[in-house]
Amino acid sequence: MSVVPYPAADVRRYRAAGLWGTATIATEFHRIAVAHPRRDAVVALDGRLGFAELDRRSDLVAAGLAGRGLRPGEPILLQVTNRLGAVVAWYGALKAGLIPVATLSAHRGHEIGEISRRVGAVAHLVEAGTRGFDLVEFAGQQKEGHPTLREFFVLGEDPRGPSIEDVGEGVSPAEARVLVERIQYGLDPDGVAVYQLSGGTTGVPKVIPRMHAEYWFNAAEYARSWGWTEQTRVAHLIPIIHNAGIVCGLHAPHSVGGCLVLGSPDLDESLPLMAREAATHVLFGHGHYRAADHPEFGAATKAVTQVVLSGAKVPPALFEALEARGLWSGQLFGMGEGLFLTTRPGAPRRARLETVGTPLSEWDEVRILEPGTEKEVAPGAVGELCARGPYTLHGYFDAREHNARAFTSDGFYRTGDLATLTEIEGAYYVSIEGRLKDLINRGGEKISAEEVELLLLRHPRITGAAVVPMPDPRLGERACAYLVVDGPELTLPEIQAHFAALEVAKFKWPERIEHLPEIPRTLVGKADKKRLTADIATKVSAP
Ligand code: AMP
């Protein structure tokens, strides 16, 4: 079975307790739009839409997609950045019953070729006019000889492909609504709504199926955890077509009739947008941990009552700098696979400073296990964070072998993150203490070390490779590759040319290489990455 469903008994419990609804995401959104027609739904750098208008436009997109022969249950790849049209396309695809695949605009042939075949994608949405790479031409190439891809659409204007926002031209809003309702009526609220991608650790990226009811619950519970209302205006600056973007930036504010203030990673344009639009809440990923130093920060946060920091350990100096400006801040731990932890309003200062908080739902179960076992660690000790609950997956898509290792015998997902429980004022809070999984967290973008190593080994002169995180003041980590080569040492440009030839997304390319006569091994014969990680940390910090 490609998709592992939630156990039937759990589904009954979650529904009986009122956690999961019985509607699809598109229907949940439509109900909210009907309840708040004139409120802002999205304000982006390139325009704004109220709920009624977003609802109407996404209905038309859905009708257009259906008119092109796209059928419910068929996957559509999304390679778009934070534009207004991305939000219209997101709801439009869901309303057509299609399954959006949350690929990144930075992905290239290596990723898209593999993912599109695995999920059997039939359509591909790309953005026109992206800097440095022609995604429209790329979409045309990907379709050539592909077993399932038959349509591509463009966000923005480009003569080479149909514009997603115009596909529904000629359909009346009333006809489009009837069609959307008919499509949604035929969908299962426990069926797959979205394919998210894992911040993976294996040679090929893993696909996470997210189902309608549990995915909407995840977002609605997130909004509840911060006490949001229809007055809330949530600024989101990191990619929207990502799990954090969809859950925290889009579905969560919409679940309460609130607004998404959609910026970009560029603070020069996003902070003035936050100021103009009086954002009340903002999520900063690691790449924005220095946002407070920006001259526009004060104006941007005038109406802000909550700053959420996520993706990496929060430096106390940052927390204190925000506090000195009178800003309340908290933390979030989240993952595409499900589990969220937050330090919600009311959490003690120390919990907000030192921990990522408590699980989003009281139905979440969290255990800290001795790695590789099903034994809980002693209280206060560090172990692997494992979770089970009403929005945490039970299996990756089409990955039976990997799934056998990724879960405990009683269905707890092994996150690969190291954590400990700290008691603060009588309650237990989780703090993240590192990770077991072999990946590089480059400003929130995850790079699987194994994937990069396998790509390096395809070079004719590389006979050994070990990829480790290298500390970086802005991004947190970057990838450093230790190499064993035949013949003279390779240069970084040669490695870059190799990755370009393999059509690998640029953020995965090693940014430094080190040569060794052989890769050091541990007693059990694995690459000794601890030693290499320490080695590169010393080299980077040396004056
Ligand atoms: P993703 O699925 O791409 O959102 O990545 C999830 C992973 O990001 C987690 O398993 C952690 O390794 C990391 N992560 C997310 N939030 C935090 C945080 N607050 N502190 C440390 N690591 C985090």
Side-chain angles (χ1 to χ4, degrees), residues 102-104 106-107 111 194-202 205-210 215 218-219 222 225 236 238-249 252 283-289 307-316 318-319 329-344 347 351-360 366 368 371 382-387 391-393 396-397 406 412-420 422 429-449 451 469 475-477 505 507-508:
T103 45
L104 302 172
H107 282 152
E111 294 84 15
V194 172
Y195 287 127
Q196 279 292 351
L197 300 182
S198 164
T201 54
T202 46
K206 294 188 296 313
V207 174
I208 304 163
R210 299 300 305 253
Y215 206 34
N218 186 173
Y222 186 73
S225 97
H236 198 86
I238 51 184
I240 193 73
I241 309 291
H242 224 204
N243 190 58
I246 296 301
V247 174
C248 313
L283 170 67
F284 285 125
H286 188 271
H288 287 137
Y289 275 10
V307 177
V308 174
L309 304 163
S310 181
K313 258 223 165 344
V314 174
L318 166 62
F319 183 87
S329 65
Q331 298 197 35
L332 155 69
F333 169 97
M335 60 196 322
E337 284 81 355
L339 181 70
F340 270 51
L341 300 150
T342 56
T343 57
R344 57 209 72 172
R352 292 187 288 113
L353 172 63
E354 293 174 10
T355 82
V356 292
T358 51
L360 207 52
V366 163
I368 314 280
V382 173
E384 184 175 14
L385 177 65
C386 298
Y391 58 94
T392 295
L393 89 174
Y396 290 102
F397 179 80
F412 277 73
Y413 170 61
R414 298 181 188 272
T415 65
D417 291 298
L418 289 170
T420 179
T422 311
Y429 295 87
V430 177
S431 34
I432 303 296
E433 299 296 336
R435 60 180 178 249
L436 288 166
K437 49 191 174 191
D438 194 7
L439 56 76
I440 290 93
N441 186 349
R442 187 183 190 276
E445 223 54 274
K446 313 299 183 303
I447 304 169
S448 155
E451 183 182 0
L475 294 165
E477 299 172 8
F507 69 88
K508 297 181 187 169

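First listed ligand is number 1; within each ligand, the first listed atom is number 1. Computed over heavy atoms, backbone and side chain alike; hydrogens, waters and symmetry mates excluded.
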Please answer whether the main-chain N or O of Leu360 pairs with a side-chain N or O of Ser225 as donor and acceptor at a distance below 3.5 Å. no
Can you tell which part of Leu332 has a heavy atom less than 4.0 Å from ligand 1: side chain, backbone, both or neither? backbone
Quick one: nearest non-hydrogen protein atom to atom 9 (C) of ligand 1, plus distance? Asp417 OD2, 3.3 Å
With distance as the sole test, does Arg344 use its side chain to make a donor-acceptor pair with the main-chain N or O of Gly357 at under 3.5 Å? no
Location of contacts on Ala312 toward ligand 1, heavy atoms closer than 4.0 Å: backbone
Report yes or no: does Val356 have a heavy atom closer than 4.0 Å to ligand 1? yes
Among all the protein's non-hydrogen atoms, which is closest to atom 13 (C) of ligand 1, and how far away is it? Lys446 CE, 4.0 Å
Between Pro316 and Leu353, which heavy-atom pair has the shortest distance, and what is it? CA-CD1, 3.9 Å
Counting only N and O atoms by type, is there a donor-acceptor contact under 3.5 Å from the side chain of Tyr413 to the main-chain atoms of Leu339? no
List the closest protein heavy-atom neighbour of atom 6 (C) of ligand 1: residue, atom name, distance to the nearest 0.1 Å. Gly334 O, 3.3 Å
For atom 22 (N) of ligand 1, the closest protein heavy atom turns out to be Gly311 O, 3.5 Å
Polar proximity ligand 1 side, Lys437 side, N/O cut 3.5 Å exclusive: yes
Quick one: does Glu445 get a heavy atom under 4.0 Å from ligand 1? no
Hey, is Ala244 one of the residues with a heavy atom under 4.0 angstrom from ligand 1? no
Residue Met335 vicinity, atoms of ligand 1 by number, heavy atom under 4.0 Å: 2 (O), 4 (O), 6 (C), 10 (O)
Checking His107 side chain against Leu104 main chain: does a donor-acceptor pair fall under 3.5 Å? yes
Heavy-atom closest contact (Glu354 atom, Gln331 atom, distance): N-NE2, 4.2 Å
Is Tyr391 reaching over with its side chain to a backbone N or O of Phe340, donor-acceptor style, under 3.5 angstrom? yes
Evaluate Gly336 for polar contact with ligand 1, using N/O atom pairs at a separation under 3.5 Å. yes
Taken in chain and number order and not counting sequence neighbours, the residues that satisfy salt bridge (Lys or Arg N to Asp or Glu O under 4.0 Å) with Glu477 are Arg435
